[in-house]
Amino acid sequence: MAELSREQKAHELFKKFEGNPILTPKDWPYPTSAVFNPGAAKLNAETLLLVRVEDMRGFSHLTVARSADGLTRWQVDPAPALQADQSSREEMWGLEDPRIVWLEEQEQFAVTYVSFSEGGPVVSLAITKNFRTFARLGTLLPPEDKDACLFPCRFNSRFALIHRPVVRGEAHIWLSFSPDLKHWGDHQLLIRTRAGYWDCHRVGLACQPIETPEGWLLFYHGVRSTTAGQIYRVGLALLDAKAPWKVLRRSDEWVLGPQAYYERVGDVGGVVFPTGAIVREETNQLNLYYGAADCTVAVATANLTDVLDYIMSCPQAEE
Ligand code: BMA
């Protein structure tokens with residue numbers, strides 16, 4: 001068989017699950033407007049999604065859903081796991097878009113999410129062992145900031161945070177460092193928007209960074225504004241394993257875009273927005289969980305080796 005071109009590989013890398021959407025407001029044990037943009041983790045041999053749930057006021061909270069195979073038979077908790085404290089100015093208008101990593105040295109999960117504060121969206125951190133009780137560590141950096149996740153380990157004894165501040169109207173992905181998860185500095189630009197491309201107007205981290213033998217695999221969303229609205233698609237980058245401030249590769253193409261009806265039509269049509277991923281070691285399958293059209297949760301699967309082959313065939317990133 002003829003070798004696939006890189007564009008064909010990009011197009012065929014992910015397969016959208018035939019049972020999509022896997023979670024909708026109808027699956028919820030209480031009234032909701034939309035369920036989308038979930039963080040993902042493995043807990044007790046199950047796949048756990050921490051789902052953003054929008055209530056009928058338009059405020060979001062986070063609720064746990066679990067499944068043994070990560071695709072079907074989801075069990076949704078009867079009550080939210082993490083709700084906004086509306087007496088605080090930090091999270092007046094709800095909590096959104098969590099990303100989850102297992103912090104190796106603390107043996108706990110770190111959940112970074114967006115708190116909607118009076119001053120705009122801001123990134124907050126909570127730590128948990130079980131997704132029942134959380135230690136809330138507060139906000140990390142000033143607004144406007146979104147799309148954040150910690151790395152699971154330290155680099156040169158510092159924690160590292162990927163995030164997406166908006167500076168002078170520009171929305172690029174940044175990396176910042178901290179000795180204690182409280183004081184952040186040494187801010188540096190990691191991935192910029194690209195003029196003319198599908199990711200020309202905004203970029204932001206998608207799911208948590210994934211550790212691989214080639215380096216950190218980074219999924220990010222890219223936005224193009226059109227006369228008919230914005231299109232949210234997903235691309236890939238590869239960061240150096242020991243020095244994640246070095247971008248080794250970046251895909252020219254997007255690898256996931258809104259095509260299916262449930263991605264095209266919804267509260268915000270034309271949006272695929274991954275926020276969580278799971279690698280199933282037995283099969284080397286990567287499950288990428290995403291919000292579809294800001295309404296439902298969907299999943300796309302790929303073989304991790306194919307994803308790495310593809311990203312290694314992508315151009316070396318510009319300095
Ligand atoms: C982004 C975030 C996401 C949302 C997406 C598409 O800015 O606010 O929560 O899914 O826009 O509307």
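The residues of the chain are indexed from 1 along the displayed sequence.
Judged as a side chain to side chain contact (heavy atoms under 4.5 Å, CB included), and not counting sequence neighbours, the contacts of L141 are D145, L161, H163, S176, W184, H187. Under the rule for a salt bridge (Lys or Arg N to Asp or Glu O under 4.0 Å), the partners of D252 that lie at least two apart in sequence or sit in another chain are R6, R194. Here P152 pairs with V101, E104, W216 under the side chain to side chain contact (heavy atoms under 4.5 Å, CB included) rule; sequence neighbours left out. A search for side chain to side chain donor-acceptor pair (under 3.5 Å) contacts involving E105 returns R154, not counting sequence neighbours.
If you take CG on L50 and CG on L48, they are separated by 7.0 Å, rounding to the nearest 0.5 Å. Atom-to-atom distance recorded for I22:CD1 and N287:CG is 8.5 Å, nearest 0.5 angstrom. Taking CZ from R164 and CG from L190, the interatomic distance works out to 13.5 Å, rounded to the nearest 0.5 Å.
Under 3.5 Å, the side chains of E91 and S124 contain no donor-acceptor pair of N or O atoms. The closest side-chain donor-acceptor pair between Y262 and T24, if any, does not fall under 3.5 angstrom.
Residues F159 and L181 approach most closely at CG-CD2, 3.5 Å, considering heavy atoms. In plain terms, the two heavy atoms of G70 and Y289 that are nearest each other are O-OH, 2.7 Å. Looking at every heavy atom in both residues, S33 comes nearest to M56 through N-SD, 3.7 Å. The shortest non-hydrogen separation linking G257 to K16 is O-NZ, 2.7 Å. Looking at every heavy atom in both residues, F17 comes nearest to L71 through CE2-O, 3.6 Å.
Without hydrogens or angle criteria, S178 side chain to H183 main chain gives a donor-acceptor distance under 3.5 Å. The backbone N or O of V299 lies less than 3.5 Å from a partner atom in the side chain of N20, making a donor-acceptor pair. With hydrogens and angles ignored, the 3.5 Å screen pairs a side-chain donor or acceptor of T112 with a backbone N or O of A148.
Among residues at least two apart or in separate chains, salt bridge (Lys or Arg N to Asp or Glu O under 4.0 Å) pairs with a member in residues 279-289 are K42-E281, R280-E282. The salt bridge (Lys or Arg N to Asp or Glu O under 4.0 Å) pairs that include a residue from residues 171-192 are R158-D186, where partners are two or more places apart or lie in different chains.
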Using side chain to side chain contact (heavy atoms under 4.5 Å, CB included), reason through D199 and W254 one step at a time and then give a plain yes or no.
CA-CA 9 Å; D199 51 3; W254 68 83; over 6 Å; no
Test log, rule side chain to side chain contact (heavy atoms under 4.5 Å, CB included), inputs F219 and L286
CA-CA 12 Å; F219 286 88; L286 173 80; 3.6 Å; yes
Using side chain to side chain contact (heavy atoms under 4.5 Å, CB included), reason through E107 and W102 one step at a time and then give a plain yes or no.
CA-CA 7 Å; E107 300 197 327; W102 176 248; 3.9 Å; yes
Walk me through it: do W198 and I231 pass the test side chain to side chain contact (heavy atoms under 4.5 Å, CB included)?
CA-CA 8 Å; W198 58 274; I231 309 176; over 6 Å; no
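Comment: D240 does not engage K246 in a salt bridge, judged by the lack of any side-chain N to carboxylate O separation of less than 4.0 angstrom. A salt bridge does not link D306 with K9: every distance from a Lys NZ or Arg NE/NH1/NH2 to an Asp or Glu carboxylate oxygen is 4.0 Å or more.
Counting heavy atoms of neighbouring residues, nucleotides and ligands inside a 6.0 Å radius, atom OH of Y30 exceeds 12 of them. Heavy atoms from other residues, nucleotides or ligands lying under 6.0 Å from CZ of R57 number more than 12. Open room surrounds CD on Q75; 12 or fewer heavy atoms of other groups in view lie less than 6.0 Å from it.
Using a 4.5 Å heavy-atom threshold, the side chains of F131 and F109 count as touching.
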